[in-house]
Amino acid sequence: MDTSALPDTEHLAERARTALGRCGVGRLREPIGAAGVARTPITGQILFPVEFDTAASAERAVTAAHDTFTSAWRDTPAPVRGRLVHRFGELLREHKEDLAALVTIEAGKIHSEALGEVQEMIDICDLAVGLSRQLYGRTMPSERPGHRLMETWHPLGVVGVITAFNFPVAVWSWNTCVALVCGDTVVWKPSELTPLTALACHGLLMRAAEDVGAPADVHRLVLGDREVGEALVEDPRVALLSATGSTAMGRAVAPRVAARMGRYLLELGGNNAAVVAPSADLDLVVRGSVFAAAGTAGQRCTSLRRLIVHEDVADEVARRIVDAYKQLRDRIGDPFEESTLVGPLVGERAHTAMGAALARARADGGEVLVGGARWWEESAADAYYVEPAVVRMPGQTEVVREETFAPILYVLGYRTLEEAVELHNGVPQGLSSAIFTQDQAEAERFLSAAGSDCGIVNVNIGTSGAEIGGAFGGEKDTGGGRESGSDSWKAYMRRATNTVNYGGGLPLAQGVRFL
Ligand code: UN1
């Protein structure tokens with residue numbers, strides 16, 4: 001494919017305007033204070049200017065969300081709150097193509113993955129609507145006669161949601177749909193790289209609020225960079241800060257929220273690995289690994305970055321993956337093109353990081369088996385299309401232990417499962433992991449307490465593409481937070497323990513006697 005097949009920026013800007021208009025975003029915001037732009041990694045160029053927020057306007061957004069929380073939303077019955085999310089889900093179904101187009105334009109994601117991301121939003125709406133009738137508390141037997149002991153879950157307050165460019169809409173929706181049914185109000189700061197998808201989501205949510213009669217300020221959008229994010233981090237009215245991004249960002253945010261006794265929920269870097277046992281079905285290994293490592297151009301938190309392969313099958317696995325990667329070469333390019341499997345990197349920094357990591361890997365004795373080249377450097381100088389790379393490493397050196405947010409797959413060898421698990425867990429991050437094996441006992445050992453130390457542990461599938469029904473998040477440098485399904489909703493509520501005396505007497509707990 002040559003660059004003449006890349007769409008031009010004006011065409012993409014027009015497409016973005018149409019999608020925004022259909023999502024109810026007519027004008028690109030009133031003047032607020034800061035000049036921002038919307039860009040596309042497809043050409044690397046600016047689409048059009050967008051008004052960004054300032055710290056002061058972000059503070060006003062928190063005030064509005066906080067007032068709405070105390071005056072209306074926390075007292076609205078949870079199933080009624082669920083109606084807002086139900087209506088939002090309907091609008092997402094109607095505007096799936098529009099939102100996916102914006103995701104492709106701003107994040108460079110191939111269209112099928114962009115549609116998948118919007119589907120993930122629709123799915124979380126369904127889950128959250130069900131949840132709105134299932135915010136269960138427990139009752140426990142009291143040790144005292146004539147007493148009842150129970151717990152109640154209450155809304156928490158304003159939830160600040162900070163999201164990253166790579167999942168510009170789904171991760172916001174995991175947080176927001178659950179927070180809204182839990183009775184919280186939300187202030188969202190998306191990545192400064194994806195303001196348009198955020199405007200479209202906010203527009204649709206506002207339409208849903210109008211349709212069901214919910215207050216508009218249950219959700220506020222603030223656009224901008226660090227200064228705007230910091231306003232949410234510092235504001236004591238933001239009861240929970242849910243942030244997705246790099247480990248460095250998490251390390252900066254967590255102590256500041258903790259210092260004001262706020263809560264935080266962090267979803268940070270991953271350095272995800274799959275162990276390939278000698279009994280593994282190698283067809284599954286190749287298909288699972290190529291999607292997980294090269295899909296989304298290696299820019300998922302859950303992307304596969306390390307393949308830990310038993311020495312008996314290492315050569316064959318490497319050869320077959322390299323063959324598959326060679327086929328990917330014809331499928332790099334315009335993410336709107338149906339045949340494309342690998343779209344652009346988000347920008348120059350990602351490309352520089354990829355080049356630096358490959359150079360370090362080579363210096364450590366690694367052999368680049370395939371990939372790494374940049375395409376159209378001359379003709380599309382602002383866009384970063386790269387061939388996904390596979391590197392055979394002699395060991396787990398420092399560069400392998402770091403997360404490089406680009407399509408590099410390191411292949412390492414092992415002899416015993418113990419050694420594989422040690423390599424697997426021998427990195428600072430702990431998000432997603434997998435084992436490919438036909439040996440049930442081996443799979444169980446990997447799933448056990450002495451196995452993978454990650455928040456997500458899979459068998460015979462890759463590391464990426466988790467469903468919303470499970471809790472999503474990871475351990476160690478990944479930050480420890482859990483979002484999305486299972487009982488993750490509890491992070492968005494506060495628990496009250498209630499003891500009710502209906503017996504007339506006043507027996508004290510633990511048999512204490514007094515007066
Ligand atoms: C992320 O990369 O931040 O599991 C989220 C997955 C997607 C979500 C990834 N459902 O790959």
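Values below: every heavy atom of this structure, side chains too, minus hydrogens, waters and symmetry copies. Predicted model only: the values in this text are computed from it and were never measured. In listed order, ligands and their atoms are each counted from 1.
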What residue and heavy atom of the protein are closest to [atom], and at what distance?
atom                   : result
atom 1 (C) of ligand 1 : Cys301 SG, 3.4 Å
atom 5 (C) of ligand 1 : Phe167 CD1, 3.6 Å
atom 6 (C) of ligand 1 : Gly465 N, 3.2 Å

Is it true that [X] and [Y] have a side-chain N and a carboxylate O under 4.0 angstrom from each other?
X      : Y      : result
Arg260 : Glu234 : no
Glu398 : Arg401 : yes
Glu117 : Lys109 : yes

Is it the side chain, the backbone, both or neither of Glu267 that has a heavy atom closer than 4.0 Å to ligand 1?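 Within the 4.0 Å criterion, Glu267 contacts ligand 1 through side-chain atoms alone.
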Would you kindly specify which portion of Ile468 sits under 4.0 Å from ligand 1, judged on non-hydrogen atoms: side chain, backbone, both or neither? neither
Stepwise salt bridge (charged side-chain N to carboxylate O under 4.0 Å, His left out) test for Arg320 and Asp283: CA-CA 9 Å; Arg320 289 178 62 172; Asp283 287 335; 2.3 Å; yes
Using a strict cut-off of 4.0 Å, indicate which atoms of ligand 1 neighbour a heavy atom of Phe472.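 This gives 4 (O), 5 (C), 9 (C) as the contact atoms.
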State the atoms of ligand 1, each with its element, that fall below the 4.0 Å cut-off from a heavy-atom position in Asn166. 1 (C), 2 (O), 3 (O)
Is any N or O atom of [X], backbone or side chain, closer than 3.5 Å to an N or O atom of ligand 1?
X      : answer
Thr244 : no
Ala466 : yes
Glu120 : yes
Ser464 : no

Between Arg22 and Glu94, is the salt bridge (charged side-chain N to carboxylate O under 4.0 Å, His left out) condition met? List the steps. CA-CA 10 Å; Arg22 288 164 52 92; Glu94 235 174 78; over 6 Å; no
Should the pair Phe472 and Trp174 be assigned to parallel (<30°), tilted (30 to 60°) or perpendicular (>60°) ring geometry? tilted
Short question: side chain of Thr340, backbone of Val342 - any donor-acceptor pair under 3.5 Å?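 No; zero donor-acceptor contacts below 3.5 Å.
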I'd like the name of whichever of Arg300, Glu117, Glu113 reaches closest to atom 7 (C) of ligand 1 through any heavy atom.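 Selected option, by shortest heavy-atom distance: Arg300.
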Where do Leu99 and Leu204 land on the side chain to side chain contact (heavy atoms under 4.5 Å, CB included) test, with the steps shown first? CA-CA 10 Å; Leu99 268 182; Leu204 291 175; 4.1 Å; yes
